[in-house]
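Letters A, B, ... mirror the listed sequences (proteins, then strands); counts begin at 1.
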2 protein chains.
Amino acid sequence: MDKLLTIQEMSRLTGLSAHTLRYYEKEGMLEGVARSEQGYRVYSEADVSWVQFLVILRELDIPIREMKRYSSLRSQGPSTVHERRLMLEAHQLRVEQQMLKLGENLEKIAGKIQYYKEMEEDIEIGLRRKRRQKCP
Amino acid sequence: MDKLLTIQEMSRLTGLSAHTLRYYEKEGMLEGVARSEQGYRVYSEADVSWVQFLVILRELDIPIREMKRYSSLRSQGPSTVHERRLMLEAHQLRVEQQMLKLGENLEKIAGKIQYYKEMEEDIEIGLRRKRRQKCP
DNA sequence: GTACAGTTTAGAGCGCGCTCTAATGCAACT
DNA sequence: AGTTGCATTAGAGCGCGCTCTAAACTGTAC
């Protein structure tokens, strides 16, 4: 166990490009990544879990700025657990509201789709009628 | 009825800034907006409905590029109804998948929040124990 | 008449989140 | 020895969707 990974393997496991992994690290969201003798990054399994968590935050549309704040809190240790929880709860709420909004808008779009379907049928009937007139 | 509106009133009714309304028009998403004698934009109620529809598309994260395509189809008349429906259905599917993904990620975040809550309780208990040792 | 608030345009600028480039280096293979 | 392939860095560049600026004009109020 405790496999050590290259940046490519990390990329494959997280879906982030090597470029993006370096970028996240430069921005302070990935502290303490080990290096090989040659200066290459060597990721631990703990790093993998953490980056996978960052990916979840990104997929929830949490801005980089907030992710940096969260990372900073995390690196300050357990005393920041409460504040971290508050951050997560705030975003949880925001995403829930966003999902509601998406749901509403999906319904409106569905209405429009239904309307278009009916229009298409009417056009079809119109065509059929024309054809009948042409070749009786 | 058939009230005519200034750009400010349009802005208020749609939530888009006057800047953005002009931008959308410049990009070809709002064709045939009338002008007053002084060259000021004058929006009709039909314009309002259309812009409100555009806002829904934006809220569903449909890129401007696609909205331009859709607008172009619309201005070509009823013969494009089928293609418009296909576009809407494609985005409908995309948004549904996105909502699923959001739901999954929300669950993971909820798990983390729960975990933090337990940590906070443990810290509380630890503190209480310390206090008892101090002042018995 | 003049200040004020609103409008117009073309075009510049911006914040975000990457994404890519160029120059350099190391390790293994032929 | 040379080629291939992966890594490193600092920093430039990019696509998106606005957002703002500057200069000019108009109608309304005082």
Side-chain angles (χ1 to χ4, degrees), chain A residues 3-44 47 51-72 91 94 98 101 105, chain B residues 4-44 47 51-72 91 94-95 98 101 105:
Chain A
K3 215 186 155 236
L4 299 177
L5 306 156
T6 67
I7 198 165
Q8 292 253 326
E9 290 164 328
M10 187 66 159
S11 171
R12 201 176 38 75
L13 286 178
T14 60
L16 299 178
S17 73
H19 285 305
T20 302
L21 286 168
R22 290 190 205 103
Y23 164 67
Y24 277 16
E25 188 177 335
K26 192 163 55 178
E27 293 295 310
M29 293 181 282
L30 256 117
E31 290 175 50
V33 174
R35 295 294 178 119
S36 72
E37 290 174 5
Q38 304 87 30
Y40 291 5
R41 283 171 183 80
V42 175
Y43 295 97
S44 70
D47 292 329
V51 173
Q52 282 171 342
F53 179 69
L54 288 178
V55 169
I56 289 173
L57 296 185
R58 275 308 289 134
E59 286 177 353
L60 290 172
D61 292 318
I62 292 172
I64 296 287
R65 181 177 7 95
E66 292 275 300
M67 286 167 54
K68 284 158 88 166
R69 171 94 187 114
Y70 190 96
S71 305
S72 154
H91 286 299
R94 197 186 41 71
Q98 187 203 341
K101 188 80 191 171
N105 285 335
Chain B
L4 298 178
L5 307 157
T6 67
I7 198 164
Q8 292 250 327
E9 291 163 327
M10 187 64 159
S11 171
R12 201 177 36 76
L13 284 178
T14 61
L16 298 178
S17 74
H19 285 304
T20 302
L21 285 168
R22 289 190 205 103
Y23 164 68
Y24 277 17
E25 187 177 337
K26 193 163 56 176
E27 292 296 309
M29 293 182 281
L30 256 118
E31 290 174 49
V33 174
R35 295 294 178 120
S36 73
E37 290 173 4
Q38 304 86 27
Y40 292 4
R41 284 172 183 80
V42 175
Y43 296 98
S44 70
D47 292 329
V51 173
Q52 282 171 344
F53 179 68
L54 288 178
V55 168
I56 289 172
L57 295 186
R58 275 307 290 133
E59 286 178 353
L60 290 171
D61 291 319
I62 292 172
I64 297 287
R65 183 178 3 97
E66 292 275 300
M67 286 167 53
K68 285 158 88 166
R69 171 94 186 114
Y70 190 96
S71 306
S72 154
H91 286 300
R94 197 186 42 70
V95 175
Q98 187 203 341
K101 188 80 190 171
N105 286 334

(message) When you compare the side chains of A:T6 and A:Q8, does any donor N or O come within less than 3.5 Å of an acceptor on the partner?
(response)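 No pair is found: no donor N or O on one side chain lies under 3.5 Å from an acceptor on the other.
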
Just the rounded figure in Å: distance from [atom2] of [N] to [atom1] of [X].
X	N	atom1	atom2	answer
B:Y24	D:dT19	OH	C1'	12 Å
A:M29	C:dC18	CE	C1'	11 Å
B:L5	C:dT7	CG	P	12 Å
B:K26	D:dC18	NZ	P	13 Å
A:D61	C:dC16	CG	P	14 Å
B:Q8	D:dT26	CD	P	19 Å
B:I64	D:dG15	CD1	C1'	12 Å
A:M67	C:dC16	CE	P	14 Å

Are any of the side-chain heavy atoms of [X] and [Y] separated by less than 4.5 Å?
X	Y	answer
B:Y43	B:E9	no
B:D61	B:Q98	yes
B:R41	B:E25	yes

Side-chain N or O of [X] less than 4.0 angstrom from OP1 or OP2 on [N]?
X	N	result
A:R35	C:dC26	no
A:R22	D:dG11	no
B:R58	D:dC18	yes

(message) On DNA chain D, does the nearest nucleotide to B:I62 precede the nearest nucleotide to B:Q38 from the 5' side, or the other way round? Give the residue.
(response)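 The residue mapped nearer the 5' terminus is B:I62.
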
(request) Find which nucleotide of DNA chain D each of B:Y40 and B:Y23 is nearest to by heavy atoms, and output the residue with the more 5' nucleotide. (result)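 Going by which nucleotide is closer to the 5' end, it is B:Y23.
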
(request) When you get a sec, tell me which of D:dA7, C:dT7, C:dT19 is the closest nucleotide to the side chain of A:T6? (result)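 My answer, after comparing the listed nucleotides, is D:dA7.
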
(message) As an exercise, state the distance from OG of A:S11 to CG of A:L5, rounded to the nearest 0.5 Å.
(response)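 Reported to 0.5 Å precision, the distance equals 11.5 Å.
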
(message) Please classify the nucleic acid contact of A:R65 as base, sugar-phosphate, or nothing, using heavy-atom distances under 4.0 Å.
(response)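 Answer is sugar-phosphate: A:R65 comes under 4.0 Å of backbone atoms only.
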
